[in-house]
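Report on the structure given below.
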2 protein chains.
Amino acid sequence: MAEHTEAAPGSATIARLRRELARGTTELAVLSVLSVRRRYGYELLKVLRQAGEGVLEVKEGTLYPLLHRLEDSGHILATWEAEGRSRPRKYYVITPDGRTYLAMLRTEWSGLVDGMRQLLDTLGEVQE
Amino acid sequence: MAEHTEAAPGSATIARLRRELARGTTELAVLSVLSVRRRYGYELLKVLRQAGEGVLEVKEGTLYPLLHRLEDSGHILATWEAEGRSRPRKYYVITPDGRTYLAMLRTEWSGLVDGMRQLLDTLGEVQE
DNA sequence: ACCCGATACCTTATGTGACAAGGTATCGGG
DNA sequence: CCCGATACCTTGTCACATAAGGTATCGGGT
């Protein structure tokens with residue numbers, strides 16, 4: 001027993017809570033952004049931070065692996081582009097397959113939101 | 001290399017997708033139900049299945065450990081009750097602490113929902 | 001009398017995404 | 001000349017969800 005673990009092991013509190021709730025959401029967010037137009041990774045990081053109003057605090061360690069997964073599954077396509085600069089960027093485009101998948105994700109998400117709303121609302125009234 | 005893995009490794013498809021999206025949601029759902037009145041575990045299973053309209057397909061292996069975690073952190077209290085039957089039930093009540101936590105969870109959840117809505121809506125218009 | 005499905009509780013092994021932390025390299029300013 | 005921003009990446013750890021499997025009781029149906 002060295003330095004008493006500064007916080008209880010299983011309680012990073014609000015940060016963990018937020019993280020768990022937002023789980024799976026990043027994929028939806030990323031594909032949505034890409035459905036408008038192509039973007040490169042670092043750009044996505046900034047776009048998501050702005051758009052989500054701080055709610056979607058995507059980290060680099062989350063985004064890059066996610067992009068690789070989406071690429072592997074054929075939902076997006078990557079192309080390196082230099083555009084005259086020596087610091088090249090990796091642009092991602094959504095594929096038709098990705099659009100189909102995105103539609104599915106949207107459906108799932110609104111289903112969940114509706115389900116939760118109903119559950120929360122219903123409960124307020126039950127009171128039985 | 002025995003029987004070719006019936007489905008690609010990382011693609012349990014819709015089930016996984018749904019699971020990841022709903023992550024963290026169960027805690028909110030359970031505490032919400034308990035905020036109305038006390039329930040025992042198996043009962044929660046059924047209540048959640050009904051209320052959530054199939055969206056919140058809580059499994060036993062998810063619920064019981066969750067209840068233990070909530071108990072350990074003082075958000076709920078458990079009491080065994082026989083009520084004349086030989087098959088006793090373990091009833092859970094929400095604590096004041098749990099109510100505070102629930103409020104926090106609700107806030108986080110609606111923040112996420114709002115953030116996502118905004119992001120999805122905004123994107124539809126940007127089109128830039 | 002007997003078995004089975006529902007009721008009720010539980011645990012262990014596995015998967016998966018999020019993240020912290022750390023790495024590489026370029027470029028523009030001060 | 002160095003530092004912070006731009007850009008990309010990886011590895012180790014955590015926490016939750018689930019599949020699968022266990023124990024035990026009870027009420028019906030045959």
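So that the names make sense, note that chain A is the first sequence line, chain B the second, and so on, each numbered from 1. Atoms considered below: every heavy atom in the structure, side chains included; atoms not considered: hydrogens, waters and symmetry mates.
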- Message: Please determine whether a side-chain nitrogen or oxygen atom of B:Lys59 lies at a distance below 4.0 Å from atom OP1 or OP2 of D:dC16.
- Response: no
- Query: Is the shortest side-chain N/O distance from B:Tyr64 to OP1 or OP2 of C:dC9 below 4.0 Å?
  - Reply: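 Checking B:Tyr64 against C:dC9: at least one side-chain N or O falls below 4.0 Å of OP1 or OP2.
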- Identify, residue by residue, the members of residues 66-76 of chain B with a heavy atom below 4.0 Å from DNA chain D, and return them in order of residue number, or none.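 Those residues are B:Arg69.
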- Within residues 22-35 of chain B: residues closer than 4.0 Å to DNA chain D (heavy atoms):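 The answer is B:Arg23, B:Gly24, B:Thr26.
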Distances for protein N/O vs nucleotides 4-6 of chain C N/O pairs under 3.5 angstrom?
none

- Item | By side-chain hydrogen bond (donor to acceptor under 3.5 Å, both in side chains) - contacts of A:Glu43 (at least two apart) |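 In terms of side-chain hydrogen bond (donor to acceptor under 3.5 Å, both in side chains), with neighbours along the sequence ignored, A:Glu43 is linked to A:Arg39.
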- Message: According to side-chain hydrogen bond (donor to acceptor under 3.5 Å, both in side chains), who are the partners of A:Arg117, at least two apart in sequence or on a separate chain?
- Response: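 In terms of side-chain hydrogen bond (donor to acceptor under 3.5 Å, both in side chains), with neighbours along the sequence ignored, A:Arg117 is linked to A:Asp114.
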- Message: As a test of reading the structure: which of D:dA15, D:dA19, D:dA7 is closest to the side chain of A:Arg19, going by heavy atoms?
- Response: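 Of all the options, the side chain of A:Arg19 is nearest to D:dA15.
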- Task: Look at the side chain of B:Arg87 and decide which nucleotide, out of C:dG17, D:dA7, D:dT25, has an atom nearest to it.
- Result: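 Within the option list, the nearest is D:dT25.
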- Any donor-acceptor N/O pair, A:Thr62 side chain to A:Val58 backbone, under 3.5 Å: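 Not confirmed, A:Thr62 side chain does not pair with A:Val58 backbone.
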- Query: How long is the line joining CG of B:Leu63 and C1' of C:dA8, in whole Å?
  - Reply: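 One finds 12 Å between C1' of C:dA8 and CG of B:Leu63, rounded.
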- Go through the structure and list residues passing side-chain contact (heavy atoms from CB on, under 4.5 Å) with B:Glu108, not counting sequence neighbours. A:Ile14, A:Leu17, A:Arg18, A:Leu21
Considering residues at least two apart in sequence or located in another chain, which fulfil the salt bridge (charged side-chain N to carboxylate O under 4.0 Å, His left out) criterion with [X]?
X	result
A:Glu71	none
B:Arg38	B:Glu81
A:Arg87	none
B:Glu57	B:Arg49

- With both pairing distances under 3.5 angstrom for Watson-Crick or G-U wobble, and | for a partner in another strand, the correct string for DNA chain C is ||||||||||||||||||||||||||||||
- Query: Could you go step by step and tell me if A:Leu44 and A:Leu34 meet the side chain to side chain contact (heavy atoms under 4.5 Å, CB included) rule?
  - Reply: CA-CA 9 Å; A:Leu44 277 168; A:Leu34 289 181; 4.3 Å; yes
- Message: Quick test of your reading: applying side-chain hydrogen bond (donor to acceptor under 3.5 Å, both in side chains), list the pairs with at least one residue in residues 88-105 of chain A, sequence neighbours left out, ordered by first then second residue.
- Response: A:Glu27-A:Tyr101, A:Tyr40-A:Arg89, A:Glu83-A:Tyr91
